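As structure tokens, the structure follows; a few thoughts come after it.
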Amino acid sequence: MLLHLSTWCEIEDFLTRSRTIIVPIGSNEQHGPTGLLGTDWMCPEIIAHQAQQSADILVAPTFNIGMAQHHLGFPGTISLRPSTFIAAIGDWVRSLAGHGFEKILFLNGHGGNVASIEAAFSELYAEASFARRPAGFALKLRNWWDLDSVGPRAYAQFPVGHGSHATPSEIAVTQWAYPAAIKSASYSPQIAPTGPIREARDFRIRFPDGRMGSDPALATPEKGAELVTLAAKSLLREVEAFSREAAPGSSASH
Ligand code: NI
């Protein structure tokens with residue numbers, strides 16, 4: 001079930017069946033000469049939308065702008081600074097928790113978001129702690145590539161040239177979902193350099209075409225299909241386990 005295609009009455013009804021919601025979260029940023037700018041928010045969205053086709057789960061609108069300051073040297077990148085990102089995540093959670101959602105799972109598609117999402121969770125829990133009250137919600141962060149068996153499959157598909165940005169696995173996922181938007185280019189070098197991530201100017205000098213350690217030419221829609229199928233199944237298991245956990249603040253938890 002997709003929140004943006006539902007009415008408030010349907011969400012009110014859903015809340016009588018479940019208190020869990022999934023929020024795909026990512027970033028809109030350059031992904032090399034062939035990777036789509038939306039790659040990092042499209043991957044978790046594609047996986048969550050696939051998963052909800054076979055189970056009664058609820059998927060929120062995709063939080064599609066993240067912490068991408070280091071990619072601002074490339075046209076099309078849109079970034080929030082960490083403090084803005086943390087504040088916005090806070091208001092998403094407060095909105096959903098106010099309606100009664102108790103388990104909020106962020107399915108993330110961008111490594112650069114992780115520190116800020118975790119900081120946002122800490123801010124939200126701190127509010128409750130300082131107020132000496134239960135938070136009323138539990139938050140979970142899961143990167144799609146860390147879903148059970150997805151990472152090992154991706155490294156088996158791409159033993160050489162996977163890299164860490166504009167990777168063939170994430171590009172394969174978008175190729176499967178959006179075959180009309182598949183791009184091609186010749187790469188030099190075939191496998192991009194690796195190195196540290198600092199600010200945008202330094203990033204562009206170190207990684208001139210935007211890739212980090214990757215050879216995106218290895219991506220195929222078929223490999224993407226395999227990853228989406230695995231990830232969607234794993235996400236459903238994860239949502240089920242998270243939903244089964246004792247309600248936040250309940251005396252059943254230790
Ligand atoms: Ni990415």
Side-chain angles (χ1 to χ4, degrees), residues 23-50 62-80 82 85 106-118 141-147 150-155 157-158 160-178 181-185 187 191-200 203-204 206-221 223-228 230-232 235:
V23 183
I25 189 166
S27 176
N28 196 89
E29 61 182 48
Q30 72 81 18
H31 269 74
T34 57
L36 308 180
L37 280 149
T39 299
D40 281 1
W41 62 260
M42 290 158 71
C43 288
E45 180 178 279
I46 290 162
I47 292 161
H49 286 203
Q50 183 71 10
T62 302
F63 194 135
N64 61 11
I65 305 295
M67 218 302 287
Q69 60 80 17
H70 47 296
H71 295 296
L72 283 170
F74 297 87
T77 299
I78 303 171
S79 182
L80 298 176
F85 189 40
F106 285 81
L107 184 64
N108 179 44
H110 175 46
N113 283 350
V114 170
S116 300
I117 295 173
E118 285 176 346
L141 167 63
R142 180 60 84 208
N143 301 314
W144 72 262
W145 56 86
D146 288 331
L147 287 166
V150 172
R153 181 62 61 94
Y155 284 106
Q157 286 178 336
F158 310 107
V160 177
H162 186 272
S164 59
H165 182 68
T167 65
S169 60
E170 61 183 346
I171 289 174
V173 168
T174 63
Q175 286 183 341
W176 172 74
Y178 297 93
I182 295 175
K183 325 279 181 181
S184 61
Y187 300 104
I191 297 180
T194 58
I197 297 175
R198 292 176 184 142
E199 94 290 348
F203 189 100
R204 178 122 197 196
R206 288 178 191 279
F207 313 107
D209 71 4
R211 299 174 296 144
M212 295 181 72
S214 67
D215 177 6
L218 300 167
T220 67
K223 287 175 178 164
E226 211 182 329
L227 294 173
V228 171
L230 274 179
L235 177 63

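We count ligands from 1, going down the list as the structure has it; atoms in each ligand are counted the same way. As the structure is a computational prediction, the values presented were derived from the model and not from experiment.
- Two residues are said to be in side-chain contact when any heavy atoms from C-beta on lie closer than 4.5 Å; Tyr187 and Asp209 meet this criterion.
- A donor and an acceptor atom, one from each side chain of His162 and Ser169, are located under 3.5 Å apart.
- Not one N/O/S atom of Cys43, from backbone or side chain, sits under 2.8 Å from the Ni ion (ligand 1).
- When rounded to 10 degrees, the angle formed at the Ni ion (ligand 1) by OD1 (Asp40) and NE2 (His31) equals 90°.
- In the model, Asn108 has no side-chain atom that pairs as donor or acceptor with a side-chain atom of Trp144 under 3.5 Å.
- The Ni ion (ligand 1) lies under 2.8 Å from an N, O or S atom belonging to Glu170.
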Subject >> Intermediate values then yes/no, ring pair (Phe, Tyr, Trp, His ring centres under 6.0 Å), Phe63 and Phe85 >> reply: CA-CA 10 Å; Phe63 194 135; Phe85 189 40; 5.4 Å; yes
